[in-house]
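Input: a single structure, listed below in structure tokens.
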There are 2 protein chains.
Amino acid sequence: MARAREFDTEAAVEAAMWAFRRTGFEGTSIQDLVEATGVGRGSLYAAFGSKEGLYLAAVDRYRDRYALPLIEELRRGLPVRDLVHGILLDLVDEIAADGNRHACLMVSAAVERAPHDPEVRVRIRATTASLEDAFADLIGAQGLSGDRDPRDLARFLMTTIHGMRVMAAINPDRAALTAIAEVALGCLA
Amino acid sequence: MARAREFDTEAAVEAAMWAFRRTGFEGTSIQDLVEATGVGRGSLYAAFGSKEGLYLAAVDRYRDRYALPLIEELRRGLPVRDLVHGILLDLVDEIAADGNRHACLMVSAAVERAPHDPEVRVRIRATTASLEDAFADLIGAQGLSGDRDPRDLARFLMTTIHGMRVMAAINPDRAALTAIAEVALGCLA
DNA sequence: CGAATTCTGTAACGAACAGTCAAGAAAAGG
DNA sequence: CCTTTTCTTGACTGTTCGTTACAGAATTCG
């Protein structure tokens, strides 16, 4: 009924996500976001309301595009050890491939924004909980938890994943990260 | 030969450390630091040169006051499992005690600043490496690594510690963190 | 008691900040 | 074609940013 939006909303959010991931919420200015997305200031505010609104959209996109597919893969019910092994090594590959020094948006948001922004907190908690659930269900279903609660093992895996992101930010060393993944995997029964 | 400094430098750096830890480097303004330290703008610049200078002093203080004592404790050569168990549970206590939602300055600096500031990077790397060394030496000396390289186990422990800080930022739940610590401890032979 | 030196407090700097707004451009319905 | 509605653009708001400059206070040495 009126003029159509000229920019691709998803592409803009994707670009914003990378910008936020690289320089954090406070470290990324509106001007940075205008340049990263190629969308004008006014349009950005019309579409997302505020800097926080765009940040939340970026966090949601991270969940939809990176966390949910992982959960889907876990729901396929393949052998846990192989699955986790693959997930951790893929993580190492991703980190080592582009010499990436930046933690993922999830870790960055958890550390920088979750303590200050309830909206971010609830999103990060929900995503982490979903991943935990998927891990726990899988471990429980395959009886691989030994005498431990599958949920504790799932939380441990989440801790390892987050910890590896931090380690990568300090030093993105493929060999070291691979070895860490192997040790963690050894904790699964 | 001249007027003496009125403020306590160490106390100022300590206060700045807490401020940076709470709101990050970009999220903490000079005005915030003036209020947190009780030191005037001019004096702060005279003493530390710049915001980055004060941040580096805070990172150094974190190393001296929190990382080095930990390393000293590891050098005492007590049984590894008890030592690590104690360290992880102390960590949980610290997190749970004040319902702390903020990751330590080390994790915060690693995620937010290390990718952008070489000075921060070299400091964080050095501190992490020292802690790794201490863990590795201890594990190696007590022959507790099984068929693994003690250094890999040490890196894994650092990953767990960093990961627990992130998990705490998402949800500072004592029971969950305790369980995570127990699982990680199980990886030590 | 000066002279020299270093600190403190405040005012000010230009730049960058997040956010707003009005005017024009584009599309759809009548 | 003309109205209506939405989107785009870019100038603009007041505020806050990190940093500097400077005057005055305090301390030590001669």
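Below, read A as the first sequence line, B as the second, and so on, with proteins coming before strands; counting in each chain starts at 1. Not measured: the values here are computed from a predicted model.
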Can you tell me how far [atom2] of [N] sits from [atom1] of [X], to the nearest Å?
X       : N      : atom1 : atom2 : value
A/Arg3  : D/dC7  : CZ    : C1'   : 5 Å
A/Glu52 : C/dC17 : CD    : P     : 19 Å
A/Arg5  : C/dA28 : CZ    : P     : 15 Å
B/Tyr45 : C/dT8  : OH    : P     : 16 Å
A/Leu44 : D/dG10 : CG    : P     : 15 Å

Discussion item. For B/Glu10, is the CD atom crowded, meaning more than 12 foreign heavy atoms sit under 6.0 Å from it?
Written reply: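 No, not enclosed.
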Worksheet item: Does a side-chain N-to-carboxylate-O contact under 4.0 Å join B/Arg113 and B/Glu119?
Response: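 Between B/Glu119 and B/Arg113 there is no salt bridge, as every charged N stays at least 4.0 Å from the carboxylate O atoms.
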Worksheet entry | Nucleotide nearest B/Phe7 (side chain, heavy atoms from C-beta), chosen from D/dT8, C/dT8, C/dG19 |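 My answer, after comparing the listed nucleotides, is C/dT8.
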Worksheet item: Parallel under 30°, tilted from 30 to 60°, perpendicular over 60°: which one fits the rings of B/Tyr55 and B/Phe20?
Response: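 If you compare the ring of B/Tyr55 with that of B/Phe20, the planes turn out perpendicular.
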Fill in: Nucleic acid contacts - residues 110-121 of chain B versus DNA chain C, non-hydrogen atoms under 4.0 Å
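Those residues whose heavy atoms fall under 4.0 Å from DNA chain C, taken from residues 110-121 of chain B, amount to none.
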Discussion item. I want to check one thing: is the phosphate of C/dC7, taken as OP1 and OP2, less than 4.0 Å away from some side-chain N or O of B/Ser43?
Written reply: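 Negative; the distance criterion is not met.
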Find out whether [X] and [Y] are in side-chain contact, i.e. whether some heavy atom of one side chain is under 4.5 Å from a heavy atom of the other.
X        : Y        : answer
A/Thr128 : B/Asn171 : no
B/His162 : A/His162 : no
B/Leu188 : B/Leu144 : no

Which atoms of nucleotides 11-17 of chain D (N or O only) lie under 3.5 Å from a protein N or O atom, and what are those distances?
unit_1: D/dC17; atom_1: OP1; unit_2: B/Ser29; atom_2: OG; d: 3.2

Discussion item. Hydrophobic clusters here meaning ILVMFWY residues chained together by side-chain heavy-atom distances under 4.5 Å, can you tell me if B/Val34 and B/Phe7 are in one?
Written reply: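 Yes: a chain of side-chain contacts under 4.5 Å links B/Val34 to B/Phe7.
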Worksheet item: Hey, does A/Ala4 reach any base, or is it just sugar-phosphate, or nothing, if we go heavy atoms under 4.0 Å?
Response: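 It contacts sugar-phosphate atoms only.
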Discussion item. If we count only N and O atoms by modelled type, under 3.5 Å, do the side chains of B/Ser130 and B/Asp133 hold a donor and an acceptor together?
Written reply: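 No donor-acceptor contact under 3.5 Å links the two side chains.
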Fill in: A/Arg65 CZ to A/Glu14 CD distance, which is reported to the nearest 0.5 Å
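A/Arg65 CZ to A/Glu14 CD: 5.5 Å, rounded to 0.5 Å.
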